[in-house]
Number of protein chains: 2
Amino acid sequence: MKQKNRRDEIIEVASSLFYDKGFNAISMRDIAAAMDIKAASLYNHIKSKQEILAEIILEVAKEFTAGMESVVVANSSAIEKIEKVIELHIDITVNYSEALAALNNDWMHLEGEDLKSFIKMRDDYEENFRDIIKQGIAANEIKPNHPEVILFSILSSLRTLYIWNQKRGKIDVNILKKDMVSVLINGIA
Amino acid sequence: MKQKNRRDEIIEVASSLFYDKGFNAISMRDIAAAMDIKAASLYNHIKSKQEILAEIILEVAKEFTAGMESVVVANSSAIEKIEKVIELHIDITVNYSEALAALNNDWMHLEGEDLKSFIKMRDDYEENFRDIIKQGIAANEIKPNHPEVILFSILSSLRTLYIWNQKRGKIDVNILKKDMVSVLINGIA
DNA sequence: GTCTATAGGATGATAGAC
DNA sequence: GTCTATCATCCTATAGAC
């Protein structure tokens, strides 16, 4: 286990505050107050407010990228790959619930290389997912609906799972995985 | 009636700016600059920045509420009602695409009665949708998955449709409705 | 590592001239 | 209806004492 230093504590507290109100609504004073110190003291551990945001978002983005890479190279059917992607999202949602708000809503406030890097990871992720769907359609595993509609429908549900998972008492992770796979792949009717 | 034009223009320009960066990242000076006037001039038409936000969000929220009410009272099966809800979201997405960003991401920056009113509309909307799903399960029209998973999966897709609809060239509305109904109700496999 | 003090600039909003 | 000028407050970030 990695020991929790002061810097990590800042990232964690900031994640939680960004979760509620977003990056721009939270000041360095807010973050400091939540840690019972003064804003100036934060700068002994981090370089800027931007750095906090980048830390939060890029860590999770890298998790998604790594997870998707291991799905893509697996020797499985398209449907099995989509099941793996659903499970990946649920695992990350459970482990990084608060960081996901910043990743979803505040990524556009990243700057410079961090912004470019995030956008590339996100686009690559979507492209990989799109390819899986197209392969599934080509192999007659997936119905020939517009691939973009399929991609968007599944990804929207997975990306906003963090909101709903927080709001309503947590369902057991394994039951959640089973039900989401069932609903997203086989439909509700 | 009222001196609507200039005021509506402010709301429209603000919606578009909020769409890109969110309520807190956009200043009154930004809104004014986009209209080629000075920030102080805005206050001849609106009372505060808060008022702009409330106007944007509550107008769309009322559309959703009215639409859901007419679905609820209809004499249809649960699946037919869900189809109507999907069509409602698509229609609103097409007509209010930019306002939906504020509704989804900046509602927590509403204040006082506006905030209370929004939350009540949103909760009532979800409760109506939940009831439709439960009735569908009771009537054996819908598979007995966890109702909350079904509700969340469909609603997530519908609520973030505005992002995807902007990003990728618009598919014809009727094809979009048909495909989304198919994917969300019958699944992809 | 945390503090006080403060720089330097942005912000929402108002007053009053035209 | 729009402008200039301005206020009071907030913001991120730095310097330097302890």
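Residue numbering restarts at 1 for every chain, and letters A, B, ... go by the order of the sequence lines.
For the residue pair B:Thr93 / B:Asn165, no side-chain donor-acceptor distance below 3.5 Å is found, with atom types taken as modelled. A side-chain N or O of B:Ser27 and one of B:Asp30 form a donor-acceptor pair less than 3.5 Å apart. Residues B:Ser182 and B:Asp179 have side chains that never bring a donor and an acceptor to within less than 3.5 angstrom of each other.
For A:Glu55, the salt bridge (charged side-chain N to carboxylate O under 4.0 Å, His left out) criterion is met by A:Arg7, not counting sequence neighbours.
Using a 4.0 Å heavy-atom cutoff across all strands shown, A:Ile46 reaches no nucleic acid atom at all. As judged by a 4.0 angstrom heavy-atom cut-off over every strand, A:Ile26 is placed among residues touching the sugar-phosphate backbone only.
Aromatic ring orientation, B:His89 versus B:Tyr125: perpendicular (interplanar angle above 60°, classes split at 30° and 60°).
In this structure, A:Gln50 atom CD and D:dC11 atom C1' are separated by 14 Å, rounded to whole Å. Counting to the nearest Å, the P atom of D:dA13 and the CG atom of A:Leu42 are 10 Å from each other. Atom CE of B:Met28 is separated from atom C1' of D:dC10 by 17 Å (rounded to the nearest Å). Whole-Å rounding puts the A:Leu53 CG to D:dC11 C1' distance at 16 Å.
Each of A:Arg29 and A:Lys38 has a nearest nucleotide on DNA chain C; the 5'-most of these lies closest to A:Lys38.
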With a cut-off of 3.5 Å and sequence neighbours excluded, list every side-chain donor-acceptor pair involving residues 57-70 of chain B.
from	atom 1	to	atom 2	distance (Å)
B:Glu63	OE2	B:Tyr96	OH	3.3
B:Thr65	OG1	B:Ala61	O	3.0
B:Ser70	OG	B:Gly67	O	3.1

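You can see that DNA chain C meets the heavy atoms of chain B within a 4.0 Å-exclusive cut from C:dT11 to C:dA15, reading 5' to 3'.
Picking from D:dT6, D:dT4, D:dT12 the nucleotide with the shortest atom distance to the side chain of A:Tyr43 gives D:dT12.
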